[in-house]
There are 2 protein chains.
Amino acid sequence: MPPQEPTHDHGLAGEDLHVTVGRRLRVVGMRYSRSRRVVVDVLATAGRPLTLPEILEAGRPADDRPLAQSSAYRNVGELVDAAVVRRVDSGDDHARFELHESLTGHHHHLVCDGCGRIEDFEVPDEFEARVADLVAAVADRGFRVDAHRFDMVGRCADCA
Amino acid sequence: MPPQEPTHDHGLAGEDLHVTVGRRLRVVGMRYSRSRRVVVDVLATAGRPLTLPEILEAGRPADDRPLAQSSAYRNVGELVDAAVVRRVDSGDDHARFELHESLTGHHHHLVCDGCGRIEDFEVPDEFEARVADLVAAVADRGFRVDAHRFDMVGRCADCA
DNA sequence: CTTCCTGCAAAAGTTTTGCATTAAC
DNA sequence: GTTAATGCAAAACTTTTGCAGGAAG
């Protein structure tokens, strides 16, 4: 992947993001604490799914105090439950996390087998319409689809 | 998911499978040992992606001696490298493993958020043709696609 | 103020590794 | 016979948890 745009253009920017997240947390009785704000900031800035060690690393200079590891694990888990963060599986060792699609817009992933990096990409509406057809088809089999994942796995430009 | 067909109909059956796997391993200088055979048998019989604990559990009565945990981990890793096994991410805690698509045929997954089970499903050729279009599109961005994943996530009939 | 969240440190899991023995070929 | 694979047990990691002190609302 050539260095792409810093972040999604379908997503909420800067302060709006925090307002939205804050509201969403309040609704479920959670506080928007400093460390949760750091996690959200780090993920928004990265614009791609990060592993927990990456979040910790990126969160260090983001504020005076470093992010405690246990808090990061706890925060990420709670933010996933609150539909602020989404877990993305990378195929390698670590799970990765990104902002929830309700905040960034629906997208898919290019997963590099070489370096493990994941980049976002969007597909034509026409393709999503085909996916909707499939969702209807499996509903007939008794399976209720809540979400779908479509990832392309291969080699990015750097690892080719 | 209603109890579906026991296994893939596009895949190699019984002895053919072992012959093919044995040949594939020999080519890369690996032996087709008892425990590797058990792992392949377990995955072929399950017909759906299994976690490592599930493989160990299923492999126990499969032969006189139980599968050692360290061997199972090593075997699965080596079989992945040899393109006999494929890793599938389930979204929950454990990674899952299934036979490589070159042995079972190309397919996609229905992932149940409730029980974590993954079932296979196949999509129309027409859909795969659309995927091929997308592969071509990202190739223009410098990303070489080797494989794709398309999973539907939701609730199976039992967990609805 | 009250309740939730943090940070530490310990516990619980999971996966990997070293090495003598066993089994493939 | 050679050489790779196994099995055990220990080590290395990752993730979770309990709890006293601190911060959010």
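All figures in this text were calculated on a predicted structure; none of them were measured in a lab. Note on naming: letters A, B, ... go to the chains in the order of the sequence lines (proteins, then strands), and numbering restarts at 1 for each one.
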Which nucleotide sits closest to the side chain of [X]: [options]?
X     : options               : value
A:A68 : C:dG7, D:dG7, D:dT6   : C:dG7
B:Y32 : C:dT14, C:dC25, D:dG7 : C:dC25
A:Y73 : D:dA24, D:dT14, D:dG7 : D:dT14

Figure out the [atom1]/[atom2] separation between [X] and [N], and round it to whole Å.
X     : N      : atom1 : atom2 : answer
A:R36 : D:dA23 : CZ    : C1'   : 12 Å
B:I55 : C:dT14 : CD1   : C1'   : 14 Å
B:L56 : C:dG13 : CG    : P     : 16 Å
A:E78 : C:dC5  : CD    : P     : 6 Å
B:N75 : D:dG7  : CG    : C1'   : 12 Å
B:R96 : C:dT15 : CZ    : P     : 12 Å
B:R34 : C:dT22 : CZ    : P     : 15 Å
B:H94 : C:dT14 : NE2   : C1'   : 8 Å

With sugar-phosphate meaning primed atoms plus P, OP1 and OP2, does B:S33 contact a base, only sugar-phosphate, or nothing at under 4.0 Å between heavy atoms? sugar-phosphate
Between the side chains of [X] and [Y], is a donor N or O closer than 3.5 angstrom to an acceptor N or O?
X      : Y      : answer
B:S35  : B:R74  : no
A:H106 : A:E122 : no
B:H148 : B:E128 : yes

Tell me, yes or no, whether the heavy-atom count around B:D125 atom CG, taken from other residues, nucleotides or ligands under 6.0 Å, exceeds 12. no
Name the orientation class of the two ring planes belonging to B:H108 and B:F127 (parallel below 30°, tilted from 30 to 60°, perpendicular beyond 60°). perpendicular
Closer than 4.0 Å, any side-chain N/O of A:S71 to the OP1 or OP2 of C:dC5? no
Would you tell me if any nitrogen or oxygen in the side chain of A:R26 comes within less than 4.0 Å of OP1 or OP2 on D:dG25? no
A:R74 or B:R37, whichever maps to the more 5' nucleotide of DNA chain C: A:R74
Please confirm whether any donor atom in the side chain of B:R31 sits under 3.5 Å from an acceptor in the base of C:dC25, or the reverse. no
Taking for each residue the nucleotide of DNA chain D with the nearest heavy atom, is it B:S70 or B:M30 whose nucleotide lies nearer the 5' end? B:M30
